[in-house]
Amino acid sequence: MKSFYQKFNLWIPSPVQKVNFDFNDDIHLFIKRDDLIHNVISGNKFRKLKYILSDFFQSDKSSLIAFGGQYSNLLHALSIITNELNINAHFYIMSYGKEVSNPTIDFIKKNNVDISFLSKSEFRKIRDNDFLIHLQNQFPDAYIIPEGASNYLATLGSSEIIDELTMQFDQFPDYIVMDIGTGGTFTGVLSKLPQNTKLIGIPVLKGVDWDMTLKNILGEDKFLNVNTNYEIIEKYHFGGFAKAEFK
């Protein structure tokens, strides 16, 4: 992974920026600027992919399979990684069963990734373990990354946010506020959450059993041993992923 850091010139640890609002003197607000990690592999994408890619490099697999929507930031970032490192990749994209074109899809194609466009019902099957087993049997040389790259390996990279904040603050924050997509980054932060800190999540999806999702990602045994001082506020998804509410 050392050569990976050098090739992409990643800014790790990402900086922390103080927000200068006119708060009470006892309130201080900071933003962890993960958007500055890289101009493309930014946000939580490198964190979630870090140990997944390390596992891939140590495996006997020669290609990658990943899943996402038409505007997936994860696939956008992963495509430049696979292209620069000469890794064969195939992405399954939910697009109502027809080929589409947009800046994200065009960027992925430019990075020499093969794409299969799936209908909504077909895409739901990727969450079925039997489908993934069938796909692995169909492509035995492929390393399959789960939807959103949210699995236990993703939590290892995401948990390093806590390590960085510990170095960057003399006193750890009382609250950490995050968005939640598929839950991998939130679960990683939760796995190392200090006892006196509360973690607040704002999901972009609706109708999700988040407690069960977090347990499934981290593993129930590990989940029992973490600080579960968290709250998930579900009233700001505005109808679901990629939707907005205008007033």
Side-chain angles (χ1 to χ4, degrees), residues 8 34-35 37-53 55-56 61 63-85 87-129 131-132 134-136 138-139 142-155 157-158 178-188 203-208 210 213 216-217 237 239-244:
F8 292 102
D34 274 14
D35 58 310
I37 289 175
H38 185 267
N39 64 324
V40 177
I41 315 166
S42 63
N44 62 349
K45 305 315 169 195
F46 171 71
R47 296 191 188 280
K48 293 178 77 174
L49 290 168
K50 178 180 177 180
Y51 290 102
I52 289 174
L53 290 170
D55 190 49
F56 165 73
K61 307 299 183 183
S63 64
L64 287 172
I65 288 176
F67 313 93
Q70 297 177 40
Y71 297 94
S72 169
N73 290 326
L74 180 82
L75 298 186
H76 185 268
L78 184 58
S79 72
I80 194 171
I81 294 172
T82 57
N83 189 49
E84 290 293 325
L85 299 181
I87 300 170
N88 291 327
H90 192 127
F91 294 170
Y92 289 82
I93 294 178
M94 202 281 284
S95 66
Y96 303 98
K98 60 183 180 181
E99 184 168 351
V100 295
S101 178
N102 63 44
T104 300
I105 299 293
D106 295 344
F107 182 83
I108 290 170
K109 287 181 176 179
K110 181 182 174 182
N111 284 316
N112 303 306
V113 175
D114 292 326
I115 298 175
S116 292
F117 295 98
L118 304 180
S119 68
K120 198 170 185 178
S121 60
E122 289 173 324
F123 193 81
R124 284 197 198 100
K125 294 178 183 177
I126 71 167
R127 297 156 192 163
D128 185 331
N129 195 50
F131 172 82
L132 295 177
H134 172 75
L135 193 64
Q136 188 68 82
Q138 187 178 0
F139 301 102
Y143 185 102
I144 299 177
I145 299 175
E147 182 185 10
S150 288
N151 60 9
Y152 178 65
L153 291 173
T155 69
S158 301
M178 302 174 57
D179 67 318
I180 308 177
T182 51
T185 307
F186 187 88
T187 307
V204 297
L205 301 175
K206 66 175 181 177
V208 176
W210 287 109
T213 298
N216 289 340
I217 293 172
H237 55 66
F241 189 76
K243 295 183 180 180

Those residues that, when tested against Lys109, pass side chain to side chain donor-acceptor pair (under 3.5 Å) (two or more places apart):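 Glu99.
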What closest approach, in Å, do [X] and [Y] show between heavy atoms, and which atom pair accounts for it?
X	Y	value
Ala149	Ala154	O-CB, 2.8 Å
Gly181	Val204	CA-CG2, 3.9 Å
Gly184	Ser158	O-OG, 3.9 Å
Tyr51	Leu153	CB-O, 3.7 Å

Can you check whether [X] reaches [Y] side chain to side chain, under 4.5 Å on heavy atoms?
X	Y	value
Ile65	Leu135	yes
Met94	Lys120	yes
Trp210	Pro203	yes
Phe91	Ser79	yes
Asn111	Thr82	no
Ser72	Ile93	no

Taking side-chain contact (heavy atoms from CB on, under 4.5 Å) as the test, write out the residues that go with [X], two or more places apart.
X	result
Glu84	Lys7, Phe8, Ile80
Asp34	Ser14, Lys32, Ile37, Arg47, Ile161
Thr182	Lys48, Ser150
Leu132	Phe67, Ile144

Under the 3.5 angstrom rule, does the side chain of [X] hit a backbone N or O of [Y] as a donor-acceptor pair?
X	Y	answer
Asn102	Gln70	yes
Thr155	Tyr152	yes
Gln136	Ala142	yes

Residue pair Ser63, Asn88: steps toward the side-chain hydrogen bond (donor to acceptor under 3.5 Å, both in side chains) verdict: CA-CA 5 Å; Ser63 64; Asn88 291 327; over 6 Å; no
Member of Ile87, Ile81, Ile52 meeting the side chain to side chain contact (heavy atoms under 4.5 Å, CB included) criterion with Leu64: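 Filter result, single survivor: Ile87.
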Sole candidate of Asn83, Val113, Asp114, Leu78 that passes side chain to side chain contact (heavy atoms under 4.5 Å, CB included) when paired with Ile108: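 Checked Asn83, Val113, Asp114, Leu78 against Ile108; only one passes side chain to side chain contact (heavy atoms under 4.5 Å, CB included): Val113.
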Trace of the side chain to side chain contact (heavy atoms under 4.5 Å, CB included) decision for Ile105 with Val100: CA-CA 8 Å; Ile105 299 293; Val100 295; 4.1 Å; yes
Counterpart residues, ring-ring contact (aromatic ring centres under 6.0 Å, His included), relative to Phe56 (two or more places apart):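 If we apply the ring-ring contact (aromatic ring centres under 6.0 Å, His included) test to Phe56, skipping adjacent residues, the hits are Tyr143.
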Parallel, tilted or perpendicular: ring planes of Tyr92 versus His90, cut at 30 and 60 degrees: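 Ring orientation of Tyr92 relative to His90: parallel.
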